[in-house]
Amino acid sequence: MLDIKYISEHIDDVRRAIRDKRVACDLDRLLAVNQRRKELQTEFDKLRTESNDLGSNVALYRNPKSKWYQDAIAKGMTEAGIKSEAEKTQGRLGEIKGRTKEVEAETKLVLEEFDRLMLTVPQVPSAKTPVGPDANGNVEVRRVGSPRKFDFDVKDHVQLGESLGILDIPRGVKLAGTRNYVLRGPGAMLHYAVLRLAVDTITSRGFELFNVPILVKDDMMRGTGYYPGGEEQAYRCERDEKSLVGTAEVPLTAFHTDEILDDAELPKKFAAVSTCFRREAGAAGKDTAGIYRIHFFDKVEQVVICRADEAESERFHHEIIANAEAVLQALELPYRVMAVCTGDMGQGKVEMYDIETWMPSRNGYGETHSASRFGEFQARRLNLKYRDGAKKVQVCHTLNNTVIASPRILIPILELNQNSDGSVTVPKALRPYMNGMERITPRGA
RNA sequence: GGAGAGGUGGCUGAGUGGCUUAAAGCAACGGUUUGCUAAACCGUCGUACGCCCAAAAGGUGUACCGGGGGUUCGAAUCCCCCCCUCUCCGCCA
C-alpha cells in the first residue's frame with residue numbers, strides 16, 4: 001500500500017505502474033473518493049468543534065453554583081433567561097447531532113470504499129525492473145555453473161525416488177489427494193539435511209532463527225499482501241478467520257505489526273523454517289508430474305525489515321540473494337538469476353529476482369527461489385513503523401527471499417547426482433546432516 | 001469447554017456522566033549543576049487524519065482509554081455484543 005498523499009502527488013507514476021503491472025485499479029475513482037473523504041472529515045470536525053463548545057456551556061447553564069452562572073446573574077440575567085438560553089443551545093445541539101449522524105453514515109461508506117480501493121494500488125516498480133507482459137519478459141541477470149552432461153540414460157526424480165524407495169507419490173495421494181507425496185528413509189533425511197544446511201547458512205550470516213505460527217489471522221495475510229486476491233491459493237479456515245500460510249514470510253514480516261520500532265534496532269534480519277501450504281487453484285494440469293508443484297512443502301525463509309531508504313533496501317536485496325546463492329553453491333547446483341518483469345512481479349513488489357535451478361527432467365531451469373523487495377507496501381498495510389534519527393515516525397521497508405524450499409530442490413539434487421547404476425551420490429555439503437551417508441542406493445540392494 | 005477476575009499512554013497505575021486539556025510515578029530524551037559517574041532540579045515526552053504555511057519547522061481542529069453498537073446535550077465512566085489476558089476446574093501432546 002502506498003501513502004494516499006504520495007499517490008495524489010505521483011499520479012503519473014502510479015498510472016504507469018497500473019499499466020505495466022497489468023493490475024485492476026480504478027485510480028480516478030480512488031482520487032474522487034479521497035476528495036470526498038477529506039470533505040466529510042472537515043465537516044465532521046467543524047460539527048464536533050461546535051458541539052464540544054456548546055456542550056460544555058450546557059453544564060454551566062444547568063449549574064446555578066457555577067462561576068459562569070453567578071456572573072450571569074450578577075450581570076442582570078434572569079434564571080428564566082438562562083433557561084431559555086439553555087434550551088436554545090440544546091436545540092442547536094440537536095440539529096448538529098442530526099447532521100453529524102448523516103455525515104458519519106456517509107463517512108462509513110466512503111471509508112469502506114477508500115480502504116478497498118487503496119488495497120488495489122500497486123507499488124511503483126524500480127527503474128531497474130524490465131517492462132514486460134508476463135514471465136516471457138523476465139531477463140536473465142547471470143548464470144552460475146553449467147548443466148551436467150550425462151553419458152547414460154537419465155532418470156527423473158520420480159523414477160529415482162521410486163526405485164530408491166525414498167519417494168512415494170501414490171501413497172501421498174492416497175493419504176491426502178493429488179499433489180501430495182511421502183518422503184521416507186534417506187529421502188526424508190535428504191529433505192531435512194537440505195533444510196538444516198540452509199538454517200546453518202542463514203543463521204551464520206546474522207539472521208535470527210524463529211519458529212512461528214503458520215495458521216495466522218487473515219489480517220496478517222492482508223498485511224503481507226496475499227489478501228485480497230490470493231484467497232483461492234490459501235487454505236483458509238473460515239470459521240476461525242485464519243489461514244494456513246504459504247510461506248513463513250507472513251508471520252515473520254508481520255511479527256512487529258502495529259509497532260513503532262527504534263531506529264537503532266533496525267535492520268531486523270529474521271529467518272524461519274516452516275511448512276508451507278498452497279492450494280494451487282487454477283494450476284490444474286500444470287506441472288502435474290513429480291514433486292515440483294505440490295500442496296505442502298517445507299521452506300527456510302529470510303525476511304529483512306529495514307529503514308525507509310531505497311539504497312539500504314537495495315543493499316539488503318543483494319544480500320538475501322547472495323545468501324540463497326551460497327546455499328545453491330554449497331549444493332553444487334547450476335542456477336541462473338532472473339530479473340522479474342513488471343507483468344510477472346505482483347502488485348506489491350518494487351523489485352524482484354527469481355533464482356532458477358537446472359532440472360534435467362524439465363530440460364530447463366525451474367524456479368526455486370524468489371527474492372522480493374516491497375518498499376513500504378507490506379509495512380504500511382501492517383502498520384509497521386520506526387522512529388528515525390530525527391524522532392520522526394516512518395514506515396519500514398520489507399524484503400524477503402527463499403533460503404531453500406524442499407522437496408522442490410530435491411528434484412535437481414536427485415537428478416543431477418544420479419549414477420548409471422541408479423544410485424544417487426549425496427552432495428558433500430549434506431553428508432554431515434545424513435550421518436555421513438555418501439550414496440543413496442535402492443532399498444535392500 | 002465451564003466458573004470467576006480483568007483489559008487506561010513505552011511500563012506501573014489513578015480515574016463511577018461535565019475544570020480530564022487522562023492525575024501521579026517510572027523509563028526515555030534535552031538542559032542546569034558537576035573533575036567523571038551518580039544524584040538533584042528544570043523542561044520535553046503518544047498515534048492518526050484534516051486545515052493553515054511554497055516546503056520544513058511550527059500552529060490549529062478532530063478522533064482514539066481492547067473492538068463494535070447503544071443511552072445522553074455530553075461517555076474512559078452507564079447498557080448490549082464480540083475479542084483477548086489472568087486464576088481455578090475439565091480435557092490434552
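Every chain is numbered from 1 and lettered A, B, ... according to where its sequence line falls, protein lines coming before strand lines.
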Item to check | Pair partner, B/rU37 [Watson-Crick or wobble, under 3.5 Å] | outcome: none
Item to check | Watson-Crick/G-U partner (both atom distances under 3.5 Å) of B/rA27 | outcome: none
Checklist entry - For B/rU47, which nucleotide in any strand shown is its Watson-Crick or wobble partner with both distances under 3.5 Å? => result B/rA63
Next on the checklist: What is the distance, to the nearest angstrom, from the CG atom on A/Asn383 to the C1' atom on B/rA48?
Outcome noted: 9 Å
Checklist entry - What ring pair (Phe, Tyr, Trp, His ring centres under 6.0 Å) pairs are there with at least one residue in residues 165-218 of chain A, not counting sequence neighbours? => result A/Tyr181-A/Phe296, A/Phe210-A/Phe255, A/Phe210-A/Phe270
Please write out the pairs of protein N or O atoms and N or O atoms of nucleotides 83-85 of chain B separated by less than 3.5 Å, giving the distance to one decimal.
none

Next on the checklist: Rounded to whole Å, please give me the gap between CD in A/Glu39 and P in B/rC49.
Outcome noted: 19 Å
Checklist entry - Can a donor-acceptor pair be found between the side chains of A/Ser406 and A/Asp298 at a distance below 3.5 Å? => result no
Anything under 3.5 Å between a protein N or O and an N or O of nucleotides 77-80 of chain B, put it in a table, one pair a line.
none

Checklist entry - So which nucleotide does B/rA56 pair with, by the Watson-Crick or G-U wobble rule with both distances under 3.5 Å? => result none
Next on the checklist: What is the separation between atom CZ on A/Arg380 and atom C1' on B/rA48, rounded to the nearest whole Å?
Outcome noted: 12 Å
Item to check | Ion pair A/Lys46/A/Glu43, N-O distance below 4.0 Å | outcome: no
Next on the checklist: Can you build the contact string for nucleotides 56-67 of chain B? Use B for base contact, S for sugar-phosphate-only contact, and - for no protein heavy atom under 4.0 Å.
Outcome noted: -----BSS----
Checklist entry - For the side-chain contact (heavy atoms from CB on, under 4.5 Å) test, which of A/Leu328, A/Asp354, A/Val403 pairs with A/His369? => result A/Leu328
Checklist entry - Among the nucleotides B/rU47, B/rU71, B/rG50, which one has an atom lying closest to any side-chain atom of A/Lys101? => result B/rU71
Checklist entry - In the strands shown, is B/rC73 matched to any nucleotide by a Watson-Crick or G-U wobble pair with both distances under 3.5 Å, and which? => result B/rG18
Checklist entry - Are A/Lys97 and B/rG74 close enough that a side-chain N or O sits under 4.0 Å from OP1 or OP2? => result yes
Checklist entry - Mind checking what makes side chain to side chain contact (heavy atoms under 4.5 Å, CB included) contact with A/Glu238, not counting sequence neighbours? => result A/Arg236
Checklist entry - Listed by chain and number, what are the side chain to side chain contact (heavy atoms under 4.5 Å, CB included) partners of A/Val199, not counting sequence neighbours? => result A/Thr203, A/Leu209, A/Val273, A/Val300
Checklist entry - Between atom CG in A/Asp388 and atom C1' in B/rC29, what is the gap in whole Å? => result 15 Å
Item to check | Assigned partner base of B/rC91, Watson-Crick or wobble definition, under 3.5 Å | outcome: none
Checklist entry - How would you list, by chain and number, every residue that makes a salt bridge (Lys or Arg N to Asp or Glu O under 4.0 Å) with A/Asp13, sequence neighbours excluded? => result A/Arg16
Next on the checklist: Quick test of your reading: applying side-chain hydrogen bond (donor to acceptor under 3.5 Å, both in side chains), list the pairs with at least one residue in residues 219-232 of chain A, sequence neighbours left out, ordered by first then second residue.
Outcome noted: A/Asp219-A/Arg222, A/Tyr226-A/Glu249, A/Tyr227-A/Ser243
Checklist entry - Quick one: salt bridge (Lys or Arg N to Asp or Glu O under 4.0 Å) partners of A/Arg408, sequence neighbours excluded? => result none
Next on the checklist: Among residues at least two apart in sequence or on other chains, which ones pass salt bridge (Lys or Arg N to Asp or Glu O under 4.0 Å) with A/Lys349?
Outcome noted: none
Next on the checklist: By nearest heavy atom, map A/Leu54 and A/Asn34 onto RNA chain B; which one lands nearer the 5' end?
Outcome noted: A/Asn34
Item to check | Distance, rounded to the nearest Å, where A/Leu261 contributes CG and B/rG10 contributes C1' | outcome: 13 Å
Item to check | Spacing between A/Gln35 atom CD and B/rC51 atom C1', to the nearest angstrom | outcome: 13 Å
Checklist entry - With a 4.0 Å cut-off on heavy atoms, is A/Ile96 in touch with a base, just the backbone sugar-phosphate, or nothing at all? => result nothing
Checklist entry - Between atom CG in A/Asp115 and atom P in B/rC49, what is the gap in whole Å? => result 12 Å
Checklist entry - Counting any heavy atom closer than 4.0 Å, what does A/Arg92 reach on the DNA or RNA strands: base, sugar-phosphate only, or nothing? => result nothing
Checklist outcome for this item: Sorted by chain and number, sequence neighbours left out, side chain to side chain contact (heavy atoms under 4.5 Å, CB included) with A/Asp200 holds for A/Tyr433
Checklist outcome for this item: A/Asn383 meets the side chain to side chain contact (heavy atoms under 4.5 Å, CB included) criterion, sequence neighbours left out, with A/Asp258, A/Lys385
Next on the checklist: Let's test this: given Watson-Crick or G-U wobble pairing with both distances under 3.5 Å, identify the partner of B/rU85.
Outcome noted: B/rA5
